[in-house]
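Only one structure is covered here, and it is reproduced in the block below.
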Amino acid sequence: MPELPEVETIARGVNKRVRGDRIVHVWFASHRNLFKTPAERQSTGLEGRTFVSVHRTGKHIVCELAALPHGKRNRRTTVQPDAQWIVHLGMTGRLLVTTPDAPLAAHTHARLELESGKEVRFVDPRRFGKLDYRDLKDDEKFNAAGAEPLAIERDEFAALFRGRRLAIKAALLNQSLLSGVGNIYADESLYRAGIRPKRMAGRLTRAELERLRASLKTVLEQAISLGGSSVSDYVDAEGMRGFFQLEHCVYLRTGEPCRRCKTPIRRIILAGRGTHFCPQCQR
DNA sequence: CATTTCACCTGGTGGC
DNA sequence: TGCCACCAGGTGAAAT
């Protein structure tokens with residue numbers, strides 16, 4: 001479900017609500033492929049640790065944790081984290097901070113009870129999501145494979161696609177090149193840059209690549225400011241929907257008129273994914 | 001190596 | 001109402 005703007009929105013919301021709070025009890029459902037690190041190791045590591053901060057890297061939510069002496073709530077960032085809990089939401093995952101009495105949603109696979117009484121809940125009907133845990137004295141700190149689309153500059157961006165013989169949309173979706181771009185924002189950024197999704201990545205001109213980099217950054221920033229895109233069921237950490245779906249120009253607008261030229265939006269399959277574009281505005 | 005296809009899951013929608 | 005095909009925000013392993 002969630003791409004960079006949705007994950008960023010959720011991470012900010014969770015951060016605001018759990019920072020400084022201690023995990024007192026953890027419950028996990030027994031779905032084997034949900035856990036990158038075994039569930040027992042995760043719950044042992046999580047219980048007793050305090051949330052130092054929560055942030056986004058690519059499409060991952062990274063919770064920085066520390067084992068602090070009891071009774072010492074600390075909402076400052078000066079505490080050195082000694083562990084990380086990493087949540088990937090897959091296609092339909094939600095990470096919610098609730099009160100303990102909030103009704104338990106179907107497909108709730110993780111519950112973290114906090115000292116304050118709040119709960120962090122991971123809900124994911126399709127179970128494409130993943131939970132990972134790192135103890136920083138044994139494991140490497142989590143790092144996204146690809147570059148950060150909001151920070152990457154012109155030359156580095158252009159270098160990602162040089163010599164690549166695949167469609168530019170497929171390249172945008174490749175998380176080891178850029179991390180955080182998914183199906184919605186790949187289509188929307190290509191539309192805004194006036195580039196057809198099928199164009200071979202390595203054949204784009206310098207000017208087109210720069211237009212794409214700028215469009216991608218702008219569309220991601222606008223989406224973050226509107227709380228992400230709620231196409232069917234995405235909600236943030238408080239259960240609130242986003243509003244960027246109202247700004248979509250092509251995604252899920254098959255047959256509807258292009259906002260710029262009125263030509264019907266076309267849908268094709270590319271890289272196994274539904275792909276939407278304006279045949280007039282995108283060349 | 002780079003690129004493509006498929007499996008992993010559940011649920012919603014629309015046609016008959 | 002039921003059944004079926006198709007669609008959906010993602011990714012990593014296997015095949016080419």
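Being a predicted model, the structure only gives us computed values, none of them experimental. Each chain gets a letter, A, B and so on, in the order its sequence line appears, and its residues count up from 1.
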Query raised in the report: Among pairs that include at least one residue of residues 167-196 of chain A, which meet salt bridge (charged side-chain N to carboxylate O under 4.0 Å, His left out), considering only residues two or more places apart or in two chains?
Result: Lys169(A)-Asp187(A), Glu188(A)-Arg192(A)
**Report entry** Ring geometry between His88(A) and His60(A) (parallel below 30°, tilted from 30 to 60°, perpendicular above 60°)
**Finding:** perpendicular
Requested in this report: Report yes or no: do Glu247(A) and Gln222(A) form a side-chain donor-acceptor pair below 3.5 Å?
Outcome: no
Report task. Using the P atom on both, measure dA14(C) against dC9(B) and round to a whole Å. Result -> 15 Å
Report task. State, yes or no, whether a side-chain contact exists between Trp85(A) and Ile61(A) at a heavy-atom distance under 4.5 Å. Result -> no
Query raised in the report: Once you round it to whole Å, what is the distance between P of dG10(C) and CD1 of Ile10(A)?
Result: 13 Å
Side-chain atoms of residues 237-244 of chain A: list all donor-acceptor pairs with protein atoms under 3.5 Å, sequence neighbours left out, distances to 0.1 Å.
residue, atom, partner, partner atom, Å
Glu238(A), OE1, Arg17(A), NH2, 2.9
Glu238(A), OE2, Arg17(A), NH2, 2.9
Arg241(A), NH1, Ser232(A), O, 3.2
Arg241(A), NH2, Ser230(A), O, 3.3

Query - Arg126(A) side-chain N/O to dC7(C) phosphate OP1/OP2 under 4.0 Å - result: no
Requested in this report: Quick one: the dot-bracket string of DNA chain B, using Watson-Crick and G-U wobble pairs with both distances under 3.5 Å, [ ] for crossing pairs and | for bases paired to another strand.
Outcome: .|||||||.|||||||
Report summary line: To the nearest angstrom, the CG-P distance between Leu252(A) and dC6(C) comes to 18 Å
Requested in this report: For dT11(C) versus dG12(B), give the span between their C1' atoms, rounded off to a whole number of Å.
Outcome: 23 Å
Query raised in the report: Contact class for Ser230(A) (heavy atom, under 4.0 Å): base, sugar-phosphate, or nothing?
Result: base
Query - salt bridge (charged side-chain N to carboxylate O under 4.0 Å, His left out) partners of residues 260-283 of chain A, not counting sequence neighbours, each pair once - result: none
Query raised in the report: With sequence neighbours left out, what residues match Gln175(A) under side-chain contact (heavy atoms from CB on, under 4.5 Å)?
Result: Lys59(A), Ser179(A)
Report summary line: Arg12(A) meets the side-chain hydrogen bond (donor to acceptor under 3.5 Å, both in side chains) criterion, sequence neighbours left out, with Glu8(A)
**Report entry** Touch class at under 4.0 angstrom, heavy-atom based, for Asn33(A) against every strand present
**Finding:** sugar-phosphate
Query raised in the report: Using atom P of each nucleotide, how far apart are dC7(C) and dT5(B) to the nearest Å?
Result: 16 Å
Report summary line: Note: chain A reaches DNA chain B at heavy-atom distances under 4.0 Å over the stretch, first to last nt, 5' to 3', of dT3(B) to dG11(B)
Report summary line: Per-nucleotide protein contact along nucleotides 11-16 of chain C, 5' to 3', at a 4.0 Å heavy-atom cut-off (B base, S sugar-phosphate only, - neither), is S-----
Cut-off 3.5 Å, no hydrogens considered: what does the side-chain donor-acceptor table look like for residues 23-30 of chain A, sequence neighbours left out?
residue, atom, partner, partner atom, Å
His25(A), ND1, Glu113(A), OE2, 3.3

Query - Contacts of Ser215(A) that satisfy side-chain hydrogen bond (donor to acceptor under 3.5 Å, both in side chains) - sequence neighbours left out - result: none
Report task. Specify the separation, in whole Å, of atom CZ of Phe128(A) and atom P of dG9(C). Result -> 11 Å
Requested in this report: Apply side-chain hydrogen bond (donor to acceptor under 3.5 Å, both in side chains) to Gln245(A) and list each qualifying residue two or more places apart in sequence or on a separate chain.
Outcome: none
Requested in this report: Please report, rounded to the nearest Å, how far the C1' atom of dG10(C) is from the CG atom of Leu172(A).
Outcome: 15 Å
**Report entry** Contact list for residues 151-160 of chain A, test side-chain hydrogen bond (donor to acceptor under 3.5 Å, both in side chains), sequence neighbours left out
**Finding:** Asp155(A)-Arg206(A)
Report summary line: Here the distance between atom C1' of dC7(C) and atom OH of Tyr251(A), to the nearest Å, is 9 Å
Query raised in the report: Counting any heavy atom closer than 4.0 Å, what does Arg32(A) reach on the DNA or RNA strands: base, sugar-phosphate only, or nothing?
Result: nothing
